[in-house]
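Side chains included, hydrogens not; waters and symmetry mates left out as well; all remaining heavy atoms used.
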Amino acid sequence: MAKRTAKRGSSRPLRLPVDRLRKGWPGPAGTHVRLATAADTDAVDALLDAAGARLIPALRSSIEQGTAGAALLDGLGGTTKTFFEDFARRTAGHTMADSMASVSLTLVAADGQDRPVGALSVTAPGTIIERALEHGYSNVQALTLSVAIGKVHGLAVAEDARGQGLASILMKRAWQVYEQLDYFLLYGSFETGRDLSAFYKSCGYTVRVPGEGFLLERLGLPFGIHAGPDQCVFTRWRPRR
């Protein structure tokens, strides 16, 4: 997380400058963590594929067009209100996929030659949006959940770069971005055979037992997320204020 403010009694981190996301942070072993660019999409797909995921096609197109995460970047450069207003503009007259891409975050850990050796894809919560539509919410109401919840879609590190803490730093930076924009929740899941419980717990997430989902009553939603018997769900809620 970012350094804490010097103000006595404050627990809020210093604001993350938007340029930091573009330029990146120094990482372990001579790496740096930055926003993915059009030149990275093949490498990101190859990394994620090894972990059983790929970039969502609409998101990949958005990265290649330079519009991925646009609402997030505007929010980091302004205020939470700026973020909400920008997302609303990107919702009106746009496809749902384009709107969702504007709040998706794709980060890479790049080596000394700026080649991605780790990748993290956080997307809008597609499954939750679908559940909201099934419960009678309008398209706009369901899509608005994209500014409150993020889904960890895929995380991977190249085999020869493992053991250096790259996955942890990718998760840390993603949380920093979404926390600043007042998201309530980041969540994801993994197959039980991968035994990633200790890792996600170390990143600040609650890992549920295989097959256990979670409710969204904290957001006033009358449903939750289910999990298959071979899946472990992990969640990280914003602390109550």
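In this structure, CG in Leu216 is found 8.0 Å from CG in Leu145, a value given to the nearest 0.5 Å. To the nearest 0.5 Å, atoms CD (Gln176) and CG (Leu16) are separated by 5.0 Å. With rounding to the nearest 0.5 Å, the separation of CG in Leu133 from CZ in Arg131 is 11.5 Å. Within the model, atoms CD1 of Ile149 and CZ of Arg238 stand 12.0 Å from one another, a figure rounded to the nearest 0.5 Å. Rounding to the nearest 0.5 Å places CG of Leu170 at 12.0 Å from NZ of Lys172. Rounding to the nearest 0.5 angstrom, the gap separating the CZ atom in Arg60 from the CZ atom in Arg54 is 7.0 Å.
Looking at heavy atoms from C-beta onward, Tyr200 lies in side-chain contact with Leu155 at the 4.5 angstrom threshold. No side-chain heavy atom of Cys232 sits under 4.5 Å from any side-chain heavy atom of Arg208. Side-chain contact between Leu73 and Leu21: present, with at least one pair of heavy atoms (C-beta onward) separated by less than 4.5 Å. Ser121 has its side chain out of reach of Val44: every pair of non-hydrogen atoms, C-beta onward, lies at least 4.5 Å apart. You'll find the side chain of Tyr187 reaches within 4.5 Å of the side chain of Thr127, heavy atoms only. Using a 4.5 Å heavy-atom threshold, the side chains of Trp237 and Leu219 count as touching. Counting only heavy atoms from C-beta outward, the side chains of Ile129 and Tyr137 never approach each other to under 4.5 Å.
Between Gln164 and Ala29, the shortest heavy-atom distance links the atoms OE1-CB, 3.4 Å.
The environment of CZ in Phe84 is crowded: more than 12 heavy-atom neighbours from other residues, nucleotides or ligands sit within 6.0 Å.
Ring orientation note: the planes of Phe190 and Phe234 are close to parallel, at an angle under 30° on the 30°/60° scale.
Between Arg34 and Asp40, at least one side-chain N (NZ, or NE/NH1/NH2) sits under 4.0 Å from a carboxylate O, which counts as a salt bridge. One finds a salt bridge joining Arg90 and Asp74 here, because a Lys/Arg side-chain nitrogen approaches an Asp/Glu carboxylate oxygen to under 4.0 Å.
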